[in-house]
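Comments concern the structure below.
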Amino acid sequence: MFVNVKKISNRKISDIAAEQIQEMIEKDSFKPGEKLPSVRELCEMFGVGRSAIRDALTSLQGKGIVQVKQGEGTYVCEFDSSRLFNSHHLLPGIKDIQELFQARKMVETGLAEMAAKNRSEADLNKMADLFSESSALGWEADYEFHMAIAHAAGNEILIQFVQFISETLKKSMMDFHLYIQQQPELVKQIEDQHRNIYLSILNQQAEQAHKYMIDHLDLVEQLLQRSILQVHLY
């Protein structure tokens, strides 16, 4: 079977590989119960090393998307109603976005506080790189910045929860970034908020991190809803 894939850059190789394999599964390039190509074949398809593919498959197995059978290979998981929460096929409307942002505010403000207490030098370097890239790279850098905060907090369950919400909002947030790119003052406002969150985590100011995160999410929710309404109008 021939499948069109994009060659992968060196940044976050395993994450990008996992995302592309998941996208192929969602588009029925690989069907439930079907065996995926071998690790060697996936390496050739994506042009990356074995460790990146193994990490990608481990990540997908953690999400319940594939099952790795020792000595047999990797298989696409069959439908399981208990895994509905892992579905990323949602296209949220205004009400859904309100509820998703309620969840984000409850979870990510706590993660920002935890990150201020638990962050490492590597975490800080990652965040610093990402908030400076957010305007140029749009949704991807924004997503990675929030995930870096979650990782700095150090709670694996909450990391997966943030991943679920982010994947659910992905299409809406990509449209949102296209929307704000037309208004440089909004781009700068988002960048400033990311910088404030980063600095509060750098200086281990947990309460400030909480405040800056809630301010940021309030603004993003407001702008996201405005961008959706604009799309519907036109």
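Treat the numbers as computed from the prediction; the structure is a model and nothing was measured.
- Here the CD-CG distance, from Gln67 to Leu36, works out to 11.5 Å after rounding to the nearest 0.5 Å.
- Residues Met127 and Ala148 come closest through the heavy atom pair CG-CB, 3.9 Å.
- Atom CZ of Phe46 and atom CD1 of Ile13 lie 12.5 Å apart (nearest 0.5 Å).
- Taking the six-membered ring where the residue is Trp, Phe164 and Phe161 present tilted rings, their angle falling between 30° and 60°.
- Using a 4.5 Å cut-off on side-chain heavy atoms (C-beta onward), Leu42 and Thr74 make no contact.
- Within the structure, salt bridge (charged side-chain N to carboxylate O under 4.0 Å, His left out) pairs that include any residue of residues 199-211 comprise Lys211-Asp215 (at least two apart or interchain).
- For Asp218, the side-chain contact (heavy atoms from CB on, under 4.5 Å) partners are Lys105, Ile214, not counting sequence neighbours.
- Applying the side-chain contact (heavy atoms from CB on, under 4.5 Å) test between Met173 and each of Leu178, Thr168, Leu224, Ile97 identifies Leu224 as the sole match.
- Partners of Glu156 according to the side-chain contact (heavy atoms from CB on, under 4.5 Å) rule, which considers only residues two or more places apart in sequence or in another chain, are Ile159.
- Using cut-offs of 30° and 60° on the angle between ring planes, the pair His216 and His146 is parallel.
- Between the CD atom of Glu23 and the CD1 atom of Ile16 there is a distance of 12.5 Å, given to the nearest 0.5 Å.
- The salt bridge (charged side-chain N to carboxylate O under 4.0 Å, His left out) test applied to Arg119 returns no partner, not counting sequence neighbours.
- In this structure, Gln208 contributes its side chain and Ser200 its backbone to no donor-acceptor pair below 3.5 Å.
- Counting only heavy atoms from C-beta outward, the side chains of Val220 and Asp142 never approach each other to under 4.5 Å.
- Without hydrogens or angle criteria, Lys126 side chain to Ala152 main chain gives no donor-acceptor distance under 3.5 Å.
- Under the 4.5 Å side-chain criterion, counting only non-hydrogen atoms from C-beta, Val162 is in contact with Glu108.
- Both tests hold for Lys69 against Tyr75: distance to the six-membered ring centre under 6.0 Å, angle to the ring axis within 45°.
- Under the rule for a side-chain hydrogen bond (donor to acceptor under 3.5 Å, both in side chains), the partners of Asp123 that lie at least two apart in sequence or sit in another chain are Ser120.
- In this structure, Arg195 fails the cation-pi test against Tyr198, since its NZ or CZ atom is not both closer than 6.0 Å to the six-membered ring centre and inside 45 degrees of the ring normal.
- Glu44 has a carboxylate O that lies under 4.0 Å from a charged side-chain N of Arg40, or vice versa, which qualifies the two as a salt bridge.
- Atom CD in Glu41 sits 8.5 Å away from atom CE in Met45 (nearest 0.5 Å).
- Here the shortest heavy-atom pairing between Arg226 and Tyr179 reads CD-OH, 2.8 Å.
- Under the rule for a side-chain contact (heavy atoms from CB on, under 4.5 Å), the partners of His210 that lie at least two apart in sequence or sit in another chain are Thr109, Glu113.
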